[in-house]
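Report on one structure; see the data block that follows.
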Amino acid sequence: MENYLNDLNAPQLEAVLHRDGPLIIIAGAGSGKTKVLTTRIAHLLKEGVSAFNILALTFTNKAASEMKERIKTILNHSDPLNLYIGTFHSVFARILRVEAPQLGYPTNFTIYDPEDAKSLIKTIIQGYNLDDKLYKPNLILNRISDAKNNLISPKAYNENPKFQEEDRMRKKPELGKVYQKYTDECFKNGAMDFDDLLVNMHTLLIKFPAALHKYQHKFKYILIDEYQDTNYLQYCVIKMLADANENICVVGDDAQSIYSFRGATIDNILNFHKNYDQVKTIILDQNYRSHQNILHAANAVIKKNNLQMQKNLWTHNPIGEKIKLIQTQSDSDEGKKIADIIKEQNLRHHIDYKDMAILYRTNAQSRSFEEALRRQNIPYKIYGGISFYQRKEVKDILAYLRILTNHADNEQLKRIINTPTRGIGKTTIEKCLIISAEQNIPFYDIIKTPEAYGFKSATATALANFSTLLQYLTTLMPKQNAYEITEQVCKHSLLLKEYLSDKTVEGIARYQNVQELLNSIKEWTELPDNEDGEFIDKSLSAYLQQIALLTDTDKNNAEDLNSIKLMTVHSAKGLEFKAVFVVGMEEELFPSSQNLNDIKDLEEERRLFYVAITRAKMKLWLSNAQQRYKYGLLSMNDPSRFIDEIPAELIENMVMKNDYNPQYFSKPQDYAKFGFKNKTLNHDLKPKDTDNYKQKDLNFATKEKIQTPNNSVFVNEIGIYKIDQKLMHLKFGNGRISLLEGDINNIIAHIIFDNHPNEVKRIFMKYAKIQILE
DNA sequence: CTTTACCCACTTTTT
DNA sequence: GTGGGTAAAG
């Protein structure tokens, strides 16, 4: 514990020991950035700085929780009380929960995710009778987000002829009006979108000197991670908070700036020394992560960028293996080949699955790998994509919960008032919303007394009944915890019944998602009260607050512990793996077709590639396919230019053009399991017959439909399973089948799991994440 | 008011 | 290949 300073190198130690005054750390990839940050915080605490006075901001919840963990470890588990470590959004949300009333918001304000925001924008566009072909919610939201992140209020926006002109050019002259309306509506609904969390924090500090004073003195030491990814708004807030003490430490790497599309600006790093006197600058350029070949490749690639701070990472690590290049004919071959290599790495080279990752440019690329990994029985975990909390059925339930905690939120009520259908149609809802807007009465209050607003007979009854239900559920809030209320909501709203009665594949999946939501809420309410020494409020609003800013990437289940990880390069930032596969290395894909024209955009793509390479500790593969399916359509692409930017001597070419021969997926019985007839099998084993191969592969993906999003490995033949079959369920662990029922399309196995020997679980094999144990 | 069937746009990346 | 939105039928 006392020797926590011992294993730091000189610049790292200097950064940790630097006590007061502005400090900027330029930390190359793998140079021990997190270690410095966490050790620095631990050291401050050791030196007697109160945890209460420290603020550390990160970009992801994951980074934040990792930092907390590591600080605890350094301090030998004496718990870091009241440390404000979190993302910009979560920390500011936490502060705004207290301060919101000053800004005219309720303390239990709702947080809108981009989907909520888009839906509101859509309503506004319709309300103004604007052409939704021109006014696409997505683009509008981006524009509004840009404005907010540059601190341009709706008023300023509308008074600025430059924006008016730009919008006219883009045939969206009313955009400013939409921005204003959107802001007003959010406010009326008691809701903040992600950007508002920052904007309102800024407003709070600007408008209320007492608040500024309070937080300036609370946060005597401020640390910012990934400073290269901060935008102007974040910069302004940080600047204000830090101005009283100037004990601000920022860590960043311009070479890893990959969020400029979100308004991040590298200027914040470049100008740091202009903002403060006597800035201390420390450069960490010794890399502890990667073998030399990998690091050299990364250095060579990033050198191609003009706009950057020159630096050269070096390492004492071994030279290591060369980078391996894989070219395949198609995207599905790419999946198979890589699944094959992964298996080999695991079996022959004893690299755990959890130490490997497949990184891609876009989430859509995950499919071919999912399929291949599933066939090989390789456990995998996909990060990103459609988050659990974004699923329709989950959002519907959350909408019920949110309206209970915030009656002003018309958006949530609109979402659920007829879900499940209860005879309240479009016209009725529209009428309510018009009344709500005209008379400034929340939707929620209108339906309490529908007759008073001119609704008659069946409609009025339906509205009043629903209102009664919501009011009843509201009365439960003080008495019951989040889980108990959610149970009541599911029951009384008849949502659960609705899902349960839907026997389609999707319906069953939805039901299971709802169950998973219930389970996770239950789990949350059962957490011990005093983790981190904090009392944890188990109320519904507390629950909603904490999930609002969660993403899938943050959930870390034990069941994923030995899974290979699939994610976008963006979400891989900050992580490291022994073996990394950067896939889809093709022009138009990586670099993305949208970023080929502007040199600045292209350089960001290159930094993204740099980030991808530098995730690898020991082994790195790059792969590209000659053709791939882009939502149904076949497209052909050249290998990425980035491949050529790696010096040839660092690369070992494993061209697989027409001689792909699966090593681990070649036994006939393997194919039979998937319903391939022998003919197909022959095609599969004769890869030179590429046309047929392709054709069959397409069939597999489309027509045979033997798999669904979360499903198992073997599903289409009941003969695959037998009584006493041993298998592993990703959630429940090992078990054996005691009984089989259902039909070929829906096999239900009764399984007794080792952890619950006295309990028989009925598992829908179609959906379960199952691995057969031979 | 509800259900169904077709059409379309969508895929850059995230809090 | 998916999901959402719309129009017509029930």
Side-chain angles (χ1 to χ4, degrees), chain A residues 57-64 86-93 111-115 117-119 122 126 132-133 136-139 141-142 145 148-149 192-198 226 229-231 233-234 257-264 359-368 383-387 389-392 418-429 458-459 462 506 548-554 567-574 584 588-596 601 604-605 607-609 611-612 628-633 635 698 701-703 705 708-709:
Chain A
L57 297 175
T58 65
F59 272 81
T60 63
N61 295 305
K62 197 167 192 166
T87 62
F88 282 86
H89 294 84
S90 69
V91 167
F92 293 173
I111 297 175
Y112 280 177
D113 66 24
E115 200 191 306
K118 273 182 253 177
S119 140
K122 201 180 231 166
Q126 281 164 358
D132 59 0
K133 289 269 188 302
K136 291 183 183 169
N138 225 337
L139 296 176
L141 182 61
N142 283 341
S145 174
K148 286 182 182 173
N149 284 312
M192 300 186 196
D193 68 17
F194 286 173
D195 297 323
D196 288 335
L197 294 171
L198 310 183
E226 311 278 17
D229 288 334
T230 50
N231 60 36
L233 171 54
Q234 287 163 327
S257 160
I258 55 174
Y259 283 109
S260 76
F261 70 93
R262 213 167 72 188
L359 308 183
Y360 35 72
R361 180 66 180 81
T362 68
N363 281 307
Q365 286 164 258
S366 66
R367 175 157 304 172
S368 56
Y383 292 83
I386 325 113
S387 147
Y389 295 105
Q390 315 271 36
R391 291 177 186 281
K392 219 185 311 156
N418 203 30
T419 312
T421 52
R422 46 175 76 83
I424 301 169
K426 213 169 114 188
T427 13
T428 309
I429 295 172
T459 312
E506 299 82 17
L549 297 166
L550 270 192
T551 58
D552 267 8
T553 325
D554 306 321
M567 63 184 90
T568 63
V569 183
H570 280 90
S571 16
K573 190 161 73 144
E588 315 262 304
L589 186 60
F590 198 178
S592 155
S593 56
Q594 305 192 11
N595 291 340
L596 288 174
D601 291 339
E604 177 142 322
E605 291 284 317
R607 288 194 295 272
L608 193 56
F609 182 51
V611 167
R628 76 170 56 244
Y629 282 92
K630 246 180 181 174
Y631 51 100
L633 293 174
S635 70
L698 191 62
T702 56
K703 291 198 185 136
K705 259 294 183 218
T708 51

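Just so we're on the same page: letters track the sequence lines, and every chain starts at 1.
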Could you tell me whether Arg422(A) contacts a base, only the sugar-phosphate backbone, or nothing, with contacts defined as non-hydrogen atoms closer than 4.0 Å? sugar-phosphate
Under 4.0 Å, heavy atoms only, any strand: does Asn595(A) hit a base, just the sugar-phosphate, or nothing? base
Measure from the side-chain heavy atoms of His570(A) and tell me the nearest of dT14(B), dT15(B), dT6(C). dT14(B)
Could you pick out which residue, Phe194(A) or Lys133(A), lies toward the 5' side of DNA chain B when each is mapped onto its nearest nucleotide? Lys133(A)
Note: Arg607(A)-Glu604(A) ion pair, threshold 4.0 Å (strictly below): yes
If the cut-off is 4.0 Å, is Asn363(A) near the phosphate of dT13(B), judged by side-chain N/O to OP1 or OP2? yes
Which base, if any, makes a Watson-Crick or G-U wobble pair with dT13(B), both distances under 3.5 Å? none
Kindly say if Lys573(A) contacts the phosphate of dT14(B), meaning a side-chain N or O under 4.0 Å from OP1 or OP2. no
Is there aromatic stacking of Phe261(A) on dT13(B) here, judged by a ring-centre distance under 5.5 Å and a plane angle under 30°? yes
Pick base, sugar-phosphate or nothing for Thr428(A), based on heavy-atom distances below 4.0 Å to the nucleic acid. sugar-phosphate
Measuring only between side-chain heavy atoms, which start at C-beta, is Phe59(A) closer than 4.5 Å to Thr230(A)? yes
Between Thr60(A) and dT14(B), is there a contact of a side-chain N or O with OP1 or OP2 at under 4.0 Å? no
What does Lys630(A) touch in the nucleic acid at a heavy-atom separation under 4.0 angstrom: a base, only the sugar-phosphate, or nothing? nothing
Check: Phe194(A) and Leu549(A) side chains under 4.5 Å, non-hydrogen atoms: yes
Using the side-chain heavy atoms of Gln594(A), tell me which of these nucleotides is nearest: dG4(C), dT2(C), dT11(B). dT11(B)
DNA chain B: Lys136(A) or Asp195(A), which has the more 5' nearest nucleotide? Lys136(A)
For Phe59(A), which contact category applies under a 4.0 Å heavy-atom criterion: base, sugar-phosphate, or nothing? sugar-phosphate
Of the listed dT2(B), dT14(B), dT2(C), the closest approach to the Asn418(A) side chain comes from dT2(B)
Heavy atoms under 4.0 Å, any strand shown: does Ser90(A) hit a base, just sugar-phosphate, or nothing? nothing
Out of dT2(B), dT6(C), dT13(B), which has the shortest distance to the side chain of Thr568(A)? dT13(B)
Once you apply a heavy-atom cut-off of 4.0 Å, does Lys122(A) come out as touching a base, just sugar-phosphate, or nothing? sugar-phosphate
Let me know the distance between CZ of Phe88(A) and C1' of dT14(B), rounded to the nearest Å. 14 Å
What is the ring orientation for Phe609(A) with Phe590(A), classed by angle as parallel under 30°, tilted 30 to 60°, or perpendicular over 60°? perpendicular
Can you confirm whether Tyr259(A) sits close enough to Lys573(A) that some side-chain heavy atom of one is under 4.5 Å from a side-chain heavy atom of the other? yes
Taking OP1 and OP2 of dA9(B), is either one under 4.0 Å from a side-chain nitrogen or oxygen of Asn138(A)? no
